[in-house]
Structures are given as structure tokens and as C-alpha cells.
2 protein chains.
Amino acid sequence: MAKQNTVFKDAYNRCLRLLADTSSLPSEPELGQVLGVSRTTVRAILSRFEELQLIAWDKRKKNVLRQPRPDDYFPTEETDSLADIIERSFMRRILAGGAEPGMQINELELAREIGTGTTSVREFLIRFSRFGLIEKRPNSHWILKGFTREFALELTEVREMFELRSAARFVSLPDDHPAWEELTKIEALHREILADIDRRYQEFSELDEQFHLLVHKASSNRFIVDFYDIIAIVFHYHYQWNKTNARQRNARALEEHLAYIEALRSHDPEKAEQACRRHLQSARETLLQSIP
Amino acid sequence: MAKQNTVFKDAYNRCLRLLADTSSLPSEPELGQVLGVSRTTVRAILSRFEELQLIAWDKRKKNVLRQPRPDDYFPTEETDSLADIIERSFMRRILAGGAEPGMQINELELAREIGTGTTSVREFLIRFSRFGLIEKRPNSHWILKGFTREFALELTEVREMFELRSAARFVSLPDDHPAWEELTKIEALHREILADIDRRYQEFSELDEQFHLLVHKASSNRFIVDFYDIIAIVFHYHYQWNKTNARQRNARALEEHLAYIEALRSHDPEKAEQACRRHLQSARETLLQSIP
DNA sequence: ATTCTGTCTTTTATCTACAATAGACAGATC
DNA sequence: GATCTGTCTATTGTAGATAAAAGACAGAAT
């Protein structure tokens, strides 16, 4: 295989959902816009729809013939990009599978295990290396540095510097800046989840990422915003594998976020700094607790 | 070609220099250690030496037969790793060759121009992307964000946060920490160069990198240390292409470094912070001046 | 008993090839 | 006149192959 057609399959599934709600599809360029793919892919999707008698396609007319059935969709496993698959496998390996620091990482072995070519694994490792968890010995293997206490401390140190600075910028954003509007939306979501915490506490993880990213973006500094990727991925997988007291922890974090949001709204740098510090402190403790 | 044998050629040249100073070479493992290559490569070098009648090789005996001639060496162009070559070509292109922000970068074109395969170019771009100068559109081209004023400001903002923090750590390093010794060496080099500034001012660039890296390392934070790569590469190429007033600028920076070093030595955090700020301020100005 | 060499195996770095996807352009349609 | 479609070309993403380099192990030399 040269290239997986995951872009096609994923767009196909999304287009199928669009099709369920309408009696005819819009123009090719418009579909491309909505789905975020090129016209070439759109046309491939339409051709398939036609073959399966889902639509009658004649130039500008794309009339829906029947409702999609569950088995018209591609299985979701097939719509994930190769990079995502590699990332997940790799993270599972190094987080779950008792990966000791200092261990060697073998490109070929990883590729075979994941069922992919070495090129993709290699490119993944290069991209991943900026997270500071692995390191390359040129002409030789990669070394796993491991998700250790030091790693967590170094990560949080930088995170705290960056977020404090971003929060300080946030309070001085002009009132008509779109960030305020998004902050309102995020706050509302916090309240919704808190009101039904027993059932919805798992939604916190995603919301947490959204909120902190919004704060970091206020820095208008690409290095600060990019660094948030590292934090996001660490916390993302961290949440997945450390579920002890999740409900309670998340409830507490939600409350802290609300205090933090209020402080940002006050436009008072002092208050914002305090609320930010308080939350970062407890986030750090949570992270450290999960490391042996 | 599968792999360039630059490791071999470079080690070969260095081994040839060793050979000039001795009448017999040490054991294979020892040579490997000295040259930083595996025994496989060492043996390849020795075989070649034997072929060219440079040594008589019989098991443990490796007696030098004749002095190397200039044409025994491989040309230096052939000893650079592919990654270095790509980096240089790319930087020349984007810094020298009027590269406008927003320009598209084409992997295949770049590869052809440099005379290499697309894989290597691609891997380079992935690695390079962490410097924030280019950005990838998946399934499509890379975009050059350009060495703009914003870039320089964002870079220096983070640099200043990191270096101030590192300097604060530096002053509290214990007296027996090896960093102090290295600081002494670096200081001596500063004085040497200053004493002969008219002729040696170009050596500043390398020294600058050494000094700031030493400071950053005091942070014991991999993210801070890794970030210094970005600063180093930017300043490295910056020095190469902006030569106006180089002598004067470098002399001033050397003086500032000396004050900064003295402040670090004082173990006084206040003094260190002041000296650090002063120097970073003028470093920032210098960088900004060179951007249109 | 340690260190070295000869030989063999494994792994990385890089090239080439090709399908998936993006993108460009002219003529058709509204 | 603007937008859309048909067709064609260019570029990316990935696999597979191969030489360079690393590394392992047993037997030889000190």
C-alpha cells in the first residue's frame, strides 16, 4: 500500500451523516469546504455514493435516493490516520506496559507490532521526540527516558512559567477580543458538568484542555502555545490510565477553574495570578501522585 | 545509494590525523572509543589504511608505514552528514534568498535542488518545524512563516524567561559543581578574544553559544535546555548573514558577558538578574535591528 | 582473567516507487 | 459573470529494498 485512504473514509462517513439530513447535496467545492478535503476526494465520495445507489448523481444534481444504513459506514478503526494509530500504540506501550527508563526503542520492531512501515514509525518518533520522553542516538537506537518524576517536575515548571505569563496577558485583553466570548462558553460548560458531576465527570478531560489552551493562546507566542501540546498529550494519556478518585479530582478542578475564570474576568492581574497559581499547584500534585 | 558513508569518511579523516602523530595505532575498541564510532567502522578504516600502504596490519599490530599525504584525506564536503547539508541549504534558501512569509515549501523541489531523496528532506522539515519557522498543512504543503519581527519577539520573550530562571539557579549551584570550572574557562576565552578583538572577533559566535548553553544547563530542565537549540540556530545563521558592525557588536557583547559572569560568581541573585537582563536586552536589540 | 579479533546478525539511514490526495485550468452551466 | 464540473498534473504519505553502521558472541592472544 502506498497511502492509506483514511482521509477518504473519514470524509465519507461524515458526508454520509450529512446525507441523512437532506434530500440533495450541495456543489462539490462547497462539500469540500464543509468536509475539509479537496474536490478530488469529494468526487471519490460521490462516485461511491452513486455506486451504492445512495444518490442519483448527474452533474449539479445529487439527489438522495435512500437513507444510509449502519453498514454503509466504514468502521471507525479504518478512519484513524496512521499517525494517530502509531501514537496510541506507542503511548500504550510506554505508559501501560511497564516501560523502564533507559530502555531501547527499536523502529523495526515497533513497525511490525503496529503493522506499518518503518518510515511512518520513524517520522512519528522524530515528531514525538520534542516531548522530551525519548532521545535519539544517531546511527543507533532511540532511548526511552520514561515518564518519571523528574519529567513531571520539569514539565510543570515550564508550564507554570508559561501559564502565569499567559494569564497576565489574558486579563489585559480588550473587551471585544473573541477570547472573552469563548471563556463564557467554557464557563457555562463547567457549570453544566458540575451540576451533573456524577454522570459527566469524564467530560472534564477535554474541557480542561480547551480551557488551558484558551489561556495559553492569550500569550500570542507560538512557542508558548506549541508547548501546550506537550502538556495536553501528557494529561490526556494520564487521565486515561489513572482513574483513582477521578470524580472527586475533577470536581475539585472544575471549582478551581471557575474561580480562575472569575479572576480573569475581574481584569485584576493580582487576582488572576493567585487563582492561576492555586490551580496549577493542585494540578501538579495530582500529576505527581500518579507517578510511583 | 542507501546510506552515505559520511560516518566512515569523517572518522577516517580524524584517524588519519591520529596516525600522523604516532608509530602504531591502538586496539580496535580503543580507536572506536576515541573516534566515537563502532568497531565495524574502525575495521573499515584500518582495511583502507592497509590497502593504501599506510599501515602494516596484522591482528594486534598496526604499524605506521608512512606519513599521510594531503590527498589521502577525503574532501571535507564529503564528510558532512546529510542532515547538515540539508540544514545549510535550507537556511540559505530561507534566510538569504528573499523568502517571503506565506511561501509554500515543496519537498520534491527541495530534494532535487539539494540532490537528495525526499525522505531525508521530509524528516528534516519535521525536525525543523519545532523551531516555529515553518508549519505543515497535512496532505498538502509546508508553509514558510518566515523570520519576521514577530518571530524574533516571541523567541526572545521565551528566551528571557528561561535564561533569567537559569541564571537564578546558576548562582545557587554548589561550589564543587563542574559548571564553575567551565565558567572559568569560558571567561578566560573571553579575555583572550577581547585582547585581540580586531583579529578574533569572529570567534565570538561560537563562544556566545557555549556560554549561554552553560547557563541554560543550570536549569536542569530538559525543556529549557532543548529550547536553547532554537536560539542557537537562529543566532548562528543570523551572525553569518548580518555582518554590519560585527566587530563592535561582538566587543560590546563580550564586555557584557564578563559583567554577567562576574555577577554569577558573586552568588548574588539580584546582581545576576540585573546583569542577565542588561545583556539580554542588548542581544534582543541587535537581533531586531537586523530584521527589516 | 582480561582484552582483543574474526565473524555474523541486527538496525538504521536513505533511495525509489506508487497510490491517495490536493490543486490547476478550460469549458459547461446557471 | 460567477460558479460548477470534467480532466489533468503535481505533491504528499507510505511501503519496501539496500548499503552503512552498530552491536553480539565465541574463540584467540596477551
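Order of the sequence lines sets the chain letters (A, B, ...), proteins ahead of strands, with each chain counted from 1. Computed from heavy atoms alone, side chains included, the values below leave out hydrogens, waters and symmetry copies.
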Indicate for each nucleotide in nucleotides 25-30 of chain D, in 5' to 3' sequence, whether protein heavy atoms under 4.0 Å reach the base (B), only the sugar-phosphate (S), or nothing (-). ---BB-
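Residue contacts shown for T41(A) are limited to sugar-phosphate atoms, with no base heavy atom under 4.0 Å away. As judged by a 4.0 angstrom heavy-atom cut-off over every strand, I105(A) is placed among residues touching the sugar-phosphate backbone only. Within the nucleic acid shown, L125(A) has no heavy atom closer than 4.0 Å to any nucleic acid atom.
Atom-to-atom, CD1 of I126(A) to C1' of dG13(D) comes out at 14 Å; the value is rounded to the nearest Å. For the pair F124(B) CZ and dT14(C) P, the computed distance is 13 Å after rounding to whole Å. Per the geometry, CD belonging to E50(B) stands 13 Å off P belonging to dT5(C), to the nearest Å. Taking atom NE2 of residue H141(B) and atom C1' of nucleotide dT9(D), one finds them 16 Å apart after rounding to whole Å. The CZ-P distance, from F74(A) to dA20(C), rounds to 12 Å in whole Å. Atoms CD (Q104(B)) and P (dA10(D)) sit 15 Å apart, rounded to a whole Å. If you take CH2 of W142(B) and C1' of dA22(C), they are 17 Å apart, rounded to a whole angstrom. Counting to the nearest Å, the P atom of dA20(C) and the CG atom of N5(A) are 6 Å from each other.
Look at S140(B) and you'll find a side-chain N or O under 4.0 angstrom from OP1 or OP2 of dG23(C). In this structure, K3(B) does not reach the dA17(D) phosphate: none of its side-chain N or O atoms is under 4.0 Å from OP1 or OP2. T40(B) has no side-chain polar atom (N or O) that falls below the 4.0 Å cut-off from OP1 or OP2 of dA21(D).
Applying the side chain to side chain donor-acceptor pair (under 3.5 Å) rule to D21(B) yields no partners; only residues at least two apart in sequence or on another chain are considered. With sequence neighbours left out, the ring-ring contact (aromatic ring centres under 6.0 Å, His included) criterion links F151(B) to F223(A), F147(B). E123(A) pairs by the side-chain contact (heavy atoms from CB on, under 4.5 Å) definition with T119(A), R127(A), R122(B), E123(B), I126(B), not counting sequence neighbours. Taking the ring-ring contact (aromatic ring centres under 6.0 Å, His included) definition, one finds that F49(A) meets it with Y12(A), sequence neighbours left out. Under the ring-ring contact (aromatic ring centres under 6.0 Å, His included) criterion, F131(A) pairs with F128(A), not counting sequence neighbours. Every residue meeting the salt bridge (Lys or Arg N to Asp or Glu O under 4.0 Å) condition with R43(A), not counting sequence neighbours, appears here in chain and number order: E28(A).
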Start with the C-alpha distance between F162(A) and F162(B), add both sets of side-chain angles, then the distance that settles ring-ring contact (aromatic ring centres under 6.0 Å, His included), and finish with yes or no. CA-CA 10 Å; F162(A) 283 175; F162(B) 282 176; 5.6 Å; yes
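Taken residue by residue, residues 127-139 of chain A places heavy atoms nearer than 4.0 Å to DNA chain C at K136(A), P138(A), N139(A). Using a 4.0 Å cutoff on non-hydrogen atoms, the parts of residues 107-122 of chain B near DNA chain C are T116(B), G117(B), T118(B), T119(B), S120(B), ordered by number. At a non-hydrogen distance threshold of 4.0 Å, T6(A), V7(A), F8(A) from residues 6-34 of chain A come into contact with DNA chain C.
Distance alone, capped at 3.5 Å, is enough to place a donor-acceptor pair between the N106(A) side chain and the E109(A) backbone. Judged by distance alone, with hydrogens and angles left aside, the side-chain atoms of E135(B) form no donor-acceptor pair with the main-chain N or O of I143(B) at under 3.5 Å. For the pair N13(A) (side chain) and Y73(A) (backbone), a donor-acceptor distance under 3.5 Å is absent.
Among all heavy-atom pairs drawn from D229(A) and R130(A), the shortest one is OD2-NH2, 2.8 Å.
Sorted by first and then second residue, the side chain to side chain donor-acceptor pair (under 3.5 Å) pairs involving residues 53-65 of chain B (not counting sequence neighbours) form an empty list.
An angle of 40°, rounded to 10°, separates the two end axes of the helix from dA1(C)-dT30(D) to dC30(C)-dG1(D), each defined over five pairs.
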